[in-house]
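This report refers to the structure that appears directly beneath it.
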Amino acid sequence: MELRIEKVNEKKAKPDYDNLTFGAHFTDHMFVMDYHEDEGWHDARIVPYAPLEMDPASIVFHYGQAVFEGLKAYPSSDHALLFRPDKNFQRLNTSNERMNIPPVDERFLVDALKQLVQLDQDWLPNQEGQSLYIRPFIIGTEAALSVKPAAQYKLMIILSPVGAYYTGGDQLSPVSIYVEDDFVRSVRGGVGFAKTAGNYAASLKAQMNAATYGYDQVLWLDAVEKRYIEEVGSMNIFFKINGEVYTPPLNGSILPGITRDSVIELIRYWGYTIREEPITVDEVIAAHQNGELEEVFGTGTAAVISPVGILKWKDEEITINENKAGKLALDLYDTITSIQTGSQTDSFGWTKHVPLVTEPKQP
Ligand code: COI
């Protein structure tokens, strides 16, 4: 498929990079591609960033046929680095399959993304802890009120220069977590493993409740027994107990995080025992009471590695590692961000290079 490029006439003013929050500013261009059941995916284009005009009857507005991804680009000398973009587009297709959205050409999209990042390269932040966040998404655009898969879709990729995901702290200040024992996020056979918008909409009520009680994030338990730990609002979760590292297995209701996968690979490479096994909240509390709970941290594209300092479960509130980032979380953060930014050799082959273009100087 051809990729058409239409550049902006005038670039937008850049935000204040010294006070960059998460996902509040968007670059000059966006990638768009349409699907029609008679034509397949077509008309791939990079165009000036602009609002969409959509039919109010578009299926996405009524029945939530929407999937998305999140990945990051980092500047590194004369190129930008994308972290495992192939995995994101692979997961997009997994989500597509579950949400009855037609599959996309993963390699074409990685190439198109490289061109988009290159075109908006002057938006790449270069301060510690910042990156260019990339949000690919697909929505059902057919105007129809019957409940059915749309016959038309739009795939878009937008870019946003970002700082730390959690507000009010630097990237490594520990977050506090409320273990939700009423609402559930997902159940096996549902859509928990898919990165679909409704999963996040359904989490908002619990997220707001947790904030009212003074906690940063919600930890979800399994929907059947409400004992087994699943994931945190925007992250997968890991526990270091007595020298071994535990994380819940991908059982169909948990998001298969790409940072989760990278962390597992690193931890194994460093010689730790990693157990992808069901773990209950009682086991975590008991480990804490025995003095064996050494560290808890979350992993995610937006959050990178986020230490957990406080865990609240029913009447119990435990403080982990004196509410400080633990050594394993710090080592993981350093190693992953060094690979992402190119300051450490990527012996895993995770990063993909985007050459940056140097504009010819005006005489
Ligand atoms: C990500 O980590 O990229 C996510 O998609 C999580 C969130 C911001 C919804």
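All figures in this text were calculated on a predicted structure; none of them were measured in a lab. In this chain, residues are counted from 1 in sequence order. Whatever order the structure lists them in is the order used to number ligands and atoms, beginning at 1.
- Under the rule for a ring-ring contact (aromatic ring centres under 6.0 Å, His included), Phe183 has no partner lying at least two apart in sequence or in another chain.
- Judged by the 6.0 Å distance and 45° axis criteria, Lys312 is not positioned over the aromatic ring of Tyr213.
- Among residues two or more places apart in sequence or in another chain, the side chain to side chain contact (heavy atoms under 4.5 Å, CB included) test is passed with Ala44 by Met1, Leu3, Phe31, Met33, Phe108.
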Tabulation required: pairs of a nitrogen or oxygen in ligand 1 and a protein nitrogen or oxygen under 3.5 Å; columns are atom names and distance to 0.1 Å; otherwise 'none'.
residue, atom, partner, partner atom, Å
ligand 1, 2 (O), Thr301, N, 3.3
ligand 1, 2 (O), Ala302, N, 2.8
ligand 1, 3 (O), Tyr133, OH, 2.6
ligand 1, 5 (O), Tyr133, OH, 3.4
ligand 1, 5 (O), Lys195, NZ, 2.8

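- Under the salt bridge (Lys or Arg N to Asp or Glu O under 4.0 Å) criterion, Lys14 pairs with Asp122, sequence neighbours left out.
- Shown here for Pro307 and Leu172, the closest heavy-atom pair between the two residues is CG-O, 3.6 Å.
- Using a cut-off of 4.0 Å between Lys/Arg side-chain N and Asp/Glu carboxylate O, Arg185 and Glu231 are scored as salt-bridged.
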